[in-house]
Amino acid sequence: MKLVVASDEKTHLTNAVVSYLKKKGHKLTLLGDLIDKKKRWKWVDIGVGAAKKVLSGKVDFGIIFCWSGTGITMAANKVKGARAALCWDAETARLARKWDDANILCMSLRATSEIVAKEIIEAFLSTEFDEEDLNQAHKLDKL
């Protein structure tokens with residue numbers, strides 16, 4: 001699977017997630033501090049940049065981080081067609097995919113452990129969207 005992984009801060013968690021995804025065989029595009037710590041990356045630019053990568057079709061999904069997770073989620077959701085979901089556990093991630101057709105997974109650098117992040121990622125990437133909810137989930141794209 002092709003994924004964009006982005007963060008406004010490179011941390012132990014982001015390093016662990018990137019390593020984990022590579023070991024699983026995913027092809028990664030990195031953004032933000034994950035590629036250049038010298039530039040002062042802002043969460044708005046990273047969230048919007050990751051969302052644009054997803055919507056361009058260059059990647060299948062996005063996995064993005066900021067300190068709280070809320071800012072980067074709001075930024076990504078400003079891009080028409082982005083359905084970014086801030087997830088704090090595997091069940092929330094599974095339901096974000098199943099019911100909401102989320103295409104960007106957002107997590108908090110502050111509140112997410114490495115073990116929980118892996119559980120969240122697995123749930124998100126392994127869950128298919130339930131087509132019965134298509135009209136509801138994609139109604140957002142028309143607002």
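- Closest heavy-atom contact between Thr11 and Thr14: N-OG1, 2.8 Å.
- Of all heavy-atom pairs spanning Ser108 and Trp67, the tightest one is OG-O, 2.8 Å.
- Atom-to-atom distance recorded for Ile121:CD1 and Ile63:CD1 is 4.5 Å, nearest 0.5 angstrom.
- Between Thr70 and Thr73, the closest side-chain pair of non-hydrogen atoms is not below 4.5 Å.
- You'll find the side chain of Phe65 reaches within 4.5 Å of the side chain of Val5, heavy atoms only.
- With respect to the salt-bridge test (charged N to carboxylate O, under 4.0 angstrom), the residues Glu114 and Lys118 qualify.
- Remark: Ile46 CD1 to Ile72 CD1 distance equals 5.5 Å, nearest 0.5 Å.
- At least one donor-acceptor pair under 3.5 Å links the side chain of Arg97 to the backbone N or O of Ala102.
- Using a cut-off of 4.0 Å between Lys/Arg side-chain N and Asp/Glu carboxylate O, Asp101 and Arg83 are scored as salt-bridged.
- Two residues are said to be in side-chain contact when any heavy atoms from C-beta on lie closer than 4.5 Å; Met1 and Lys24 fail this criterion.
- Tracing side-chain contacts under 4.5 Å through hydrophobic residues (I, L, V, M, F, W, Y), one never reaches Trp88 starting from Leu13; they form parts of separate clusters.
- Under the 4.5 Å side-chain heavy-atom criterion for Ile, Leu, Val, Met, Phe, Trp and Tyr, Met74 and Val4 are members of distinct hydrophobic clusters.
- In this structure, CH2 in Trp99 is found 11.5 Å from OG1 in Thr127, a value given to the nearest 0.5 Å.
- No donor-acceptor pair under 3.5 Å is formed between the side chain of Ser7 and the backbone N or O of Lys10.
- From Glu91, atom CD reaches atom CD of Glu119 across 12.0 Å, with rounding to the nearest 0.5 Å.
- Looking only at distances, no side-chain donor or acceptor of Asp60 sits under 3.5 Å from a matching main-chain atom of Leu125.
- When atom types are taken as modelled, the side chain of Ser19 and the backbone of Asn15 share no donor-acceptor pair closer than 3.5 angstrom.
- Of all non-hydrogen atoms in Ile64 and Ala76, the two that sit nearest each other are CD1-CB, 4.0 Å.
- Atom SG of residue Cys66 and atom CG of residue Leu109 lie 7.0 Å apart, to the nearest 0.5 angstrom.
- A side-chain contact (heavy atoms from CB on, under 4.5 Å) with Lys2 is found for one member of His26, Lys53, Lys27 and no other, namely Lys27.
- When every heavy atom of Ala75 is checked against every heavy atom of Gly47, the shortest pair comes out as CB-CA, 4.2 Å.
- The shortest distance between side-chain heavy atoms of Leu3 and Leu28 falls below 4.5 Å.
- Of all non-hydrogen atoms in Ala96 and Ala85, the two that sit nearest each other are CB-CB, 3.7 Å.
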Audit row: Val59, Val54, side chain to side chain contact (heavy atoms under 4.5 Å, CB included) steps and yes/no: CA-CA 5 Å; Val59 297; Val54 171; 3.8 Å; yes
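- In this structure, CG in Leu86 is found 12.5 Å from CD1 in Ile104, a value given to the nearest 0.5 Å.
- Listed here is the closest heavy atom pair of Ala123 and Ala90: CB-O, 3.3 Å.
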